[in-house]
Every structure is written in structure tokens, then in C-alpha cells.
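Take a look at the structure set out below.
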Amino acid sequence: RMLAEAGAGLEPAPATNLIGDLHRLAEAAAAGRPVEELPPTAPASLEPTAAPEPGALKAMTELDQELAQVFQSEASEILDSSDAILRQLRGEPDSVELLNDLRREMHTLKGSSRMAGFMTVGDLAHAAESVLDVLGKAGGTTPVVLDVLQQALDGDFGEAGIGVVG
């Protein structure tokens, strides 16, 4: 979904829930708690969140469109590679090397998306990178964490036939 929107020159919708899930997983792993299920969400704030201003995005120039297309192509390759690494991790959940490989892919996606101006994609990649960083230091992962990462790759990054198919 996000890559399709970015390729069309639109700012992808925030993946707030998924980013929150990834942050909670990172916090649980960093605290040394076993992650066998997704930690519960914190109570919602009663303060309203600011809605983005309509028309906040400017019309894309030809250069912007070219950058979006290059980004979409590069991101698709990163997601294909990430999906392959994630499949390997399911068989080797204690592989620090695979965790670090996947973290590097998310780091690259974060940087290229932010450089291209797609901050929402960068935010989700950063959240995934944060979880992977903690897990790499802890020395392994769990099926729950892998499922949430797969959801990010398939559902938000890769939906609409762009990137990985799961």
C-alpha cells in the first residue's frame, strides 16, 4: 500500500497501529521480557490528534515524480530481499546474522524513503529497524515478532502487488 501511494506521488497514510506494535515489541525485548505475544497497548490519550491539513502536499514536479519512481523500484527490491531474510529467520530464529541483515535492509529503506520525502514509510521502517536492533543484541526472535514484521512487509509496505507477496 505505502509503495503504491508513494509511487503515485501521494504521502502514504500513517501506519500508527503497526508502528505502535513494533515499538511495544522492541520495549519488551529490551526489558528482557520473552515476547510470546504482542504486549498490550497503553491506554489511549484523551487528547485529540491533529489531522493533516488538506492539500498539505504540493504538486509533484517532473523531478519529484522521477525520484518517487526510483524510490519505488529500490524499495521493492529491498522488500523482496527482506522477505527472503524473514523466511530464513523463521527457520533460524536465533541467527544474529540474519537479524542484522534484515535490520540493514530496514535501515536502507528508512534512509531512502526519508530522502525521497516519504516520511511515513521511513517511520515504519525505523520502527522495524528498532525492533531488529534490540533482537540482534538479545540474540534471537520469536514467531510473534516475525509475524508482526511480516505484516509490515506484506500489509503496509508491500500491498497492491508492490514488493513482497509473503
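What you see below is based on every heavy atom in this structure, not just the backbone, and it leaves out hydrogens, waters and symmetry mates. The residues of the chain are indexed from 1 along the displayed sequence.
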Let me check something: do [X] and [Y] share a hydrophobic cluster, defined by ILVMFWY side-chain heavy atoms less than 4.5 Å apart, either directly or through other members?
{"X": "Leu86", "Y": "Leu98", "answer": "yes"}
{"X": "Leu18", "Y": "Val134", "answer": "no"}
{"X": "Leu109", "Y": "Ile85", "answer": "yes"}

inquiry  = Please check: side-chain N/O of Thr108 versus main-chain N/O of Arg104, any donor-acceptor pairing under 3.5 Å?
reply    = yes
ask   = Do the side chain of Ser82 and the main chain of Ile78 share a donor and acceptor less than 3.5 angstrom apart?
value = yes
key: Test: Asp147 and Arg90 ion pair at under 4.0 Å   =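 Here Asp147 pairs with Arg90 in a salt bridge, since their nearest N and O are under 4.0 Å apart.
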Note: Lys110-Asp123 ion pair, threshold 4.0 Å (strictly below) = no
message = Checking Val131 against Thr141 for the side-chain contact (heavy atoms from CB on, under 4.5 Å) test, could you report, in this order, the C-alpha distance in whole Å, the side-chain angles of both residues, the deciding distance, and whether it holds?
response = CA-CA 10 Å; Val131 170; Thr141 188; over 6 Å; no
If you take all heavy atoms of [X] and [Y], which pair is closest and at what distance?
{"X": "Leu135", "Y": "Ala29", "value": "CD2-CB, 3.9 Å"}
{"X": "Ala127", "Y": "Ile19", "value": "CB-CG2, 3.9 Å"}
{"X": "Gly139", "Y": "Val96", "value": "CA-CG2, 3.7 Å"}

Reported [atom1]-to-[atom2] distance for the pair [X] and [Y], which is rounded to 0.5 angstrom:
{"X": "Leu79", "Y": "Asp154", "atom1": "CG", "atom2": "CG", "result": "9.5 Å"}
{"X": "Glu97", "Y": "Glu92", "atom1": "CD", "atom2": "CD", "result": "8.5 Å"}
{"X": "Gln88", "Y": "Leu102", "atom1": "CD", "atom2": "CG", "result": "10.5 Å"}
{"X": "Glu27", "Y": "Leu22", "atom1": "CD", "atom2": "CG", "result": "11.0 Å"}
{"X": "Glu66", "Y": "Phe71", "atom1": "CD", "atom2": "CZ", "result": "15.5 Å"}
{"X": "Glu74", "Y": "Leu67", "atom1": "CD", "atom2": "CG", "result": "10.0 Å"}

message = Surrounding NE2 of His23 (heavy atoms of other residues, nucleotides or ligands, distance under 6.0 Å), is the total greater than 12?
response =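 Enclosed: over 12 neighbouring heavy atoms sit under 6.0 Å from NE2 of His23.
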Full working for side-chain contact (heavy atoms from CB on, under 4.5 Å) between Leu153 and Met106 = CA-CA 10 Å; Leu153 292 178; Met106 292 297 101; 4.1 Å; yes
Leu149 and Leu132: CA distance, side-chain angles, deciding distance, side-chain contact (heavy atoms from CB on, under 4.5 Å) verdict = CA-CA 9 Å; Leu149 290 169; Leu132 292 162; 3.7 Å; yes
query = Would you say the side chain of Arg114 lies within less than 4.5 Å of the side chain of His126, judging by non-hydrogen atoms?
reply =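 They are in side-chain contact.
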key: Test item: side-chain donor near acceptor, Gln150 and Asp83, under 3.5 Å   = yes
side-chain contact (heavy atoms from CB on, under 4.5 Å) evaluation trace for Glu77 with Ser81 = CA-CA 6 Å; Glu77 290 176 16; Ser81 174; over 6 Å; no
